[in-house]
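Note that the coordinates shown come from a computational prediction; the quantities given were computed from them, not determined experimentally.
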Amino acid sequence: LRPIDIVFESLDRVDGSASFAFGPTKALASVSGPIQVRLPAEQPSKATFEVLARPLSGISDTDAKSFSTVLRTLLVPCLVLTQNPRTLIQLVVQSLTSTTPNQDPSLAAAFINASSLALLQASAFPMLGVVCAAAVGHIKRHHSEPELNSERFLLDPNAQEIRECDAVGCVAVMFRSRNTSSLR
């Protein structure tokens, strides 16, 4: 497991921000809200939750927009959006690495963890739980003698280990309290 680095940032004009890194794989997340929402996006019974994923440089491409949708789907179950109807909670996640979360499962995990930490730091809206993530890989070695076959799972594989894996992915889990009250 590569060194984990967690920093609660103090970015200007946001309600919460944090960076999360697995070694050199790093993501920065910021949360603003509840804030005024644009009229077309306003929802009368709950807050609008918007997620924007940004690459290290340039503009967001299809991969970034696709991962924004995945990240939103992962995080919505841990948020109580009905407490602040007709408002916007905006999460912006920036890669501080040259890969994309769709290419690198460790960056996807860093995006998820940075997002959860930024949401916790904002604490302007209730949460039901916290989502944590890690990258995993599977290596299976075939030998001519069946008893020499081997397989193993890797937690947080680096770039070299990812090339050796026959399967890689990101596993995310929501941790929540047994009682139904929200985290604050």
Joint hydrophobic cluster, Val76 plus Val92, side-chain heavy atoms closer than 4.5 Å
no
Val70 reachable from Val93 in the ILVMFWY side-chain graph, under 4.5 Å edges
yes
For the atom pair CD (Glu50) and CZ (Arg38), what is the distance rounded to the nearest 0.5 Å?
5.5 Å
Compare all side-chain heavy atoms of Lys26 with those of Phe20 and state whether any distance is below 4.5 angstrom.
no
Does Leu117 reach the side chain of Ile6, with side-chain heavy atoms less than 4.5 Å apart?
yes
So, does Arg54 use its side chain to make a donor-acceptor pair with the main chain of Ile59 at under 3.5 Å?
no
4.5 Å side-chain heavy-atom contact, Leu71 and Ile112:
yes
Would a distance-only check, ignoring hydrogens and angles, find a side-chain to backbone donor-acceptor pair under 3.5 Å from Asn84 to Thr87?
no
Within a strict 4.5 Å, meaning less than it, do heavy atoms of the Val136 and Leu154 side chains meet?
no
Does some side-chain heavy atom of Phe125 sit less than 4.5 Å from a side-chain heavy atom of Val80?
no
Is the closest side-chain heavy-atom distance between Leu79 and Leu128 below 4.5 Å?
no
Look up atom CD in Glu9 and atom CD in Gln121, then write down how far apart they are to the nearest 0.5 Å.
9.0 Å
CA sep, side-chain torsions, deciding dist, call: Thr82, Ser45, side chain to side chain contact (heavy atoms under 4.5 Å, CB included)
CA-CA 6 Å; Thr82 55; Ser45 61; 6.0 Å; no
Looking only at atom types and distance, does a side-chain atom of Ser115 sit under 3.5 Å from a main-chain N or O of Phe111, one as donor and one as acceptor?
yes
Please determine, by modelled atom types, if Ser32 and Gln90 share a side-chain donor-acceptor pair under 3.5 angstrom.
no
What one should report as the nearest heavy-atom pair of Phe22 and Ala110 is CE1-N, 4.1 Å
For the backbone of Val130 and the side chain of Ser116, can you confirm whether one donor and one acceptor N or O come within less than 3.5 Å of each other?
no
Decide yes or no for Arg86 and Pro44: does some side-chain heavy atom of the first lie under 4.5 Å from some side-chain heavy atom of the second?
yes
Tell me the closest heavy-atom pair linking Ser68 and Val51, and the distance in Å.
CB-O, 3.4 Å
Around Gln36, counting heavy atoms of other residues, nucleotides and ligands shown, do more than 12 lie under 6.0 Å from its CD?
no
Closest non-hydrogen contact found for Ser17 with Ala118 is CA-CB, 3.9 Å
Does Asp104 use its side chain to pair, donor to acceptor, with the backbone of Thr99 at less than 3.5 Å?
no
Return the CD1 to CG distance between Ile35 and Leu88, rounded to the nearest 0.5 Å.
4.5 Å
Contacts under 3.5 angstrom, residues 155-168 side chains, donor-acceptor by atom type, not counting sequence neighbours:
from, atom 1, to, atom 2, distance (Å)
Asp156, OD1, Arg2, NH2, 2.8
Asp156, OD1, Ser106, OG, 3.0
Asp156, OD2, Arg2, N, 3.2
Asp156, OD2, Arg2, NE, 3.1
Asn158, OD1, Gln160, N, 3.1
Asn158, OD1, Glu161, N, 2.8
Gln160, OE1, Arg163, NH2, 3.1
Gln160, NE2, Glu164, OE2, 3.1
Glu161, OE1, Asn158, N, 2.9
Asp166, OD1, His138, ND1, 3.4
Asp166, OD1, Lys140, N, 3.0
Asp166, OD2, His138, ND1, 3.2

Taking all heavy atoms of Ala108 and all of Pro101, pick out the closest pair and write down the distance.
CB-O, 3.7 Å
Could you grab the distance from atom CZ of Phe49 to atom CG of Leu81, nearest 0.5 Å is fine?
7.5 Å
I need the minimum non-hydrogen distance between Gly169 and Pro105, along with the two atoms involved.
O-CB, 3.4 Å
Could you check whether any side-chain N or O of Asp5 sits under 3.5 Å from a backbone N or O of Ala21, counting only pairs where one atom can act as donor and the other as acceptor?
no
Hey, are the side chains of Leu52 and Ser60 touching, using non-hydrogen atoms and a 4.5 Å cut-off?
no
Rounded to the nearest 0.5 Å, how far does CD1 of Ile89 lie from CG of Leu119?
8.0 Å
When you measure from the side chain of Thr73 to the backbone N and O of Thr69, does any donor-acceptor pair fall under 3.5 Å?
yes
